[in-house]
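Presented below is the structure to which this report refers.
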Amino acid sequence: MNTKIHIDIDRETCIKCGKCVRICPASIFVQETPQSEIALQHIQTCIKCGHCMGVCPTSSVLHSVFPQDKVHPIRRDELPSPEQTMLLIKSRRSNRAFSKKPVPGEMLDQILEAAHRAPTASNMQQVGFTLVTDQQMVQKVIDLTFDIFLGLAKKLQNPFVKPVMKLIIPEAYKYLKHVRHMKEKRDKGGDPILREATTLLLIHTPKDNRFGPADANLAYQNASLMAESLGVSQFYTGFLCVALKLDKKARIPALLGISETIHAGMGLGMPAFSFKNYIDKKEIRVNRI
Ligand SMILES: Cc1cc2nc3c(=O)[nH]c(=O)nc-3n(C[C@H](O)[C@H](O)[C@H](O)COP(=O)(O)O)c2cc1C
């Protein structure tokens, strides 16, 4: 429901510094000259980012979406240092060696909150999450993913369609090799899809969200850094995402009751062991212009 937004300024306390004017992406706050009264325009175009609430030094902006209990001070001396942040980034790996221990619920909540705090286009905040911890359901997702890949492999190898398919979708044939490897692993009792992760997190947006993939993957990255700092292992479930795209019948979303487009998936679990070292990456490619 779109409720009407009310924004006002407490004229008694406003010091007319103009920070709200400079920060508002929707240009709702206006000031004719420095130190003149702040005026308000087209309030209903507000994207509810709360920047005005974040910068006002005297808490003089009154915003119906952000009552005082939704505004929190930032104590900058409590933020991680650049060195600590870089170390967290370097330490984050896709640790696929999971133990059987479930991830504590409060850790999953923190991971979800971190994901939810990622930026979204126009501050739409339409990213939704499906957290699967039920082991039978996790197994059903793995089984369905296999069904999708094996079904596709069968179709691609059909001698009647192969010559045409190779011309139309040559890239699909690259997946055949992966499917073969996955099947071999699975036949030996392994789990090449979720790699024995105990939890699956799917990240989705409404179908008409044009920035859905970007929004979801930014949420993913926030979640993965939070997971690392909590000592929870995670990896990006790319094969599952491919299967989701391939399956026109949308069986996995149907199984999980998801009607939105799933853009990203994260396999999560407690680590069997953690990484002792981080390694260097390839040389960075940068054009400095
Ligand atoms: C889009 C994407 C898809 C991925 N798909 C899978 C996957 O299906 N299975 C898997 O084990 N790892 C997957 N990964 C993890 C990458 O293999 C991993 O990020 C890469 O090897 C670098 O390792 P690091 O994350 O430990 O730095 C994927 C990563 C990305 C970004």
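What you see below is based on every heavy atom in this structure, not just the backbone, and it leaves out hydrogens, waters and symmetry mates. Atoms within a ligand are numbered from 1 in the order they appear, just like the ligands themselves.
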Decide whether a cation-pi geometry holds between R186 and F146; the criteria are a distance under 6.0 Å from NZ or CZ to the six-membered ring centre and an angle within 45° of the ring axis.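 Yes, R186 lies over the aromatic ring of F146.
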Verify whether one side chain among D215 and Y220 offers a donor that lies under 3.5 Å from an acceptor in the other.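 Not at all, the side chains of D215 and Y220 share no donor-acceptor pair under 3.5 Å.
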Looking only at side-chain N and O atoms, does D143 offer a donor or acceptor that is under 3.5 Å from a partner on Q139? yes
Pair R93 + E228: basic N to acidic O under 4.0 Å: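 Result for this pair is no, no salt bridge flagged.
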Flag yes if more than 12 heavy atoms outside I74 fall under 6.0 Å of its CD1 atom; otherwise flag no. no
Given a heavy-atom cut-off of 4.0 Å, could you list the residues near ligand 1 in chain and number order? R92, R93, S94, R96, R195, F235, Y236, T237, G238, F239, K281
Would you call the rings of F239 and F149 parallel, tilted or perpendicular, taking 30° and 60° as the class edges?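 Ring orientation of F239 relative to F149: perpendicular.
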